[in-house]
Every structure is written in C-alpha cells, then in structure tokens.
Amino acid sequence: MKLVPPFDAETARLKVQAAQDAWNTREPVRVAGAYTPDSLWRNRSEFVTGTDEIVAFLTKKWEREHEYVLRKSLWAFGDDRIAVRFQYEWHDDEGQWWRSYGNENWEFAESGLMRRREASINDVKITESERRIDPNSTYEIPAV
C-alpha cells in the first residue's frame, strides 16, 4: 500500500506509525528521507529548510536528547494533510529526565514525502520513576 495523498483513516494511521518508527531510530539521514528536498519546518522557535538543514537539526537534537523515545497518535487528516499529537521522553547530559508534549501539522507532496512540518512542543521535567514510555513496547498516548 502506498502512503500518498489523499489520505484515508488507514493510510493516515500508517503514515503516523511510519514517522514514529523512523524518528525512534534516531538516524537523521533516514528521518530526512521522508521529506521533500525543499521541505519547510517550524520546530518550536527554529525554522529549517531542506534536507541538509533537517539532518543538521536532528543530529544536534539527538546529541543532547539521550535515550529519546517517541510516541505519536493521529489527531486528524484530510486530503494531503495530517495532524498528530505526540509525547517523547529523554534525558539531558546532567541526567534530568524530560517529557516533551506537542502537536504537529504535516502537509504532503503528491509523492507522499512531507513538504511542510510545523511542531509546537512543551517540555516538562520528570523523574526517572515518572517515565511512562517503554521503548520496547507499543504505547497509547494517555490524556494529559
């Protein structure tokens, strides 16, 4: 099954799962392969354009976000757009654990590659005992 627009409930869900799986590899080049060469991103207050900047952004991100594990869930979809909500957990160099919550809006080219990604993200300090995402299991995002 090709995951290209226009999306239906099943292809949108599979597209979200594919994105989650790719991001959890923490491999910047692999993740960047899902985006058009001129893809536009807004991630928090940063603006990124194109494959090289995406790879550089993700490389820097995963150098500081240790043991990163992400879960995404489909929020809405239509034609060439998908909205997701997500949570991920990670710790910094000092060992402080964080849970990052957010929403993303995605827009796709006819090829199925993402041409636009806008992410709003908030971070909350947690203790290691408050972690809820097991990297070795499936996980449904609980209500906040």
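The chain is numbered in sequence order, starting from 1. Scope of the values below: all heavy atoms of this structure, side chains included, with no hydrogens, waters or symmetry mates.
- Applying the ring pair (Phe, Tyr, Trp, His ring centres under 6.0 Å) rule to Trp97 yields the partners His91; only residues at least two apart in sequence or on another chain are considered.
- Contacts of Glu107 classified as salt bridge (charged side-chain N to carboxylate O under 4.0 Å, His left out), with partners at least two apart in sequence or in another chain: Arg81, Arg115.
- Residue Ile121 is grouped with residue Met114 when hydrophobic side chains (ILVMFWY) are merged at heavy-atom distances under 4.5 angstrom, including chains of intermediate members.
- For Glu118, the salt bridge (charged side-chain N to carboxylate O under 4.0 Å, His left out) partners are Arg42, Arg116, not counting sequence neighbours.
- Take Arg64 and apply the side-chain hydrogen bond (donor to acceptor under 3.5 Å, both in side chains) test, not counting sequence neighbours, and it matches no residue.
- Other members of the cluster containing Val55 are Val29, with ILVMFWY side chains joined at under 4.5 Å, either directly or via other members.
- Sorted pairs that involve residues 18-31 and meet salt bridge (charged side-chain N to carboxylate O under 4.0 Å, His left out), not counting sequence neighbours, are lacking altogether.
- Residues meeting the side-chain hydrogen bond (donor to acceptor under 3.5 Å, both in side chains) test with Asp8, sequence neighbours left out: Thr11.
- Between the Asn122 side chain and the Tyr101 main chain, no donor and acceptor come within less than 3.5 Å of each other.
- Take Lys125 and apply the side-chain contact (heavy atoms from CB on, under 4.5 Å) test, not counting sequence neighbours, and it matches Gln96, Trp98.
- Every residue two or more places apart in sequence or in another chain that forms a ring pair (Phe, Tyr, Trp, His ring centres under 6.0 Å) with Tyr68 is listed here: Trp62, Tyr88.
- In this structure, the salt bridge (charged side-chain N to carboxylate O under 4.0 Å, His left out) partners of Lys61, at least two apart in sequence or on a different chain, are Glu65.
- Take Asp123 and apply the salt bridge (charged side-chain N to carboxylate O under 4.0 Å, His left out) test, not counting sequence neighbours, and it matches Arg44.
- Here Trp41 pairs with nothing under the side-chain hydrogen bond (donor to acceptor under 3.5 Å, both in side chains) rule; sequence neighbours left out.
- Using modelled atom types, one side-chain atom of Arg99 and one backbone atom of Glu130 make a donor-acceptor pair closer than 3.5 Å.
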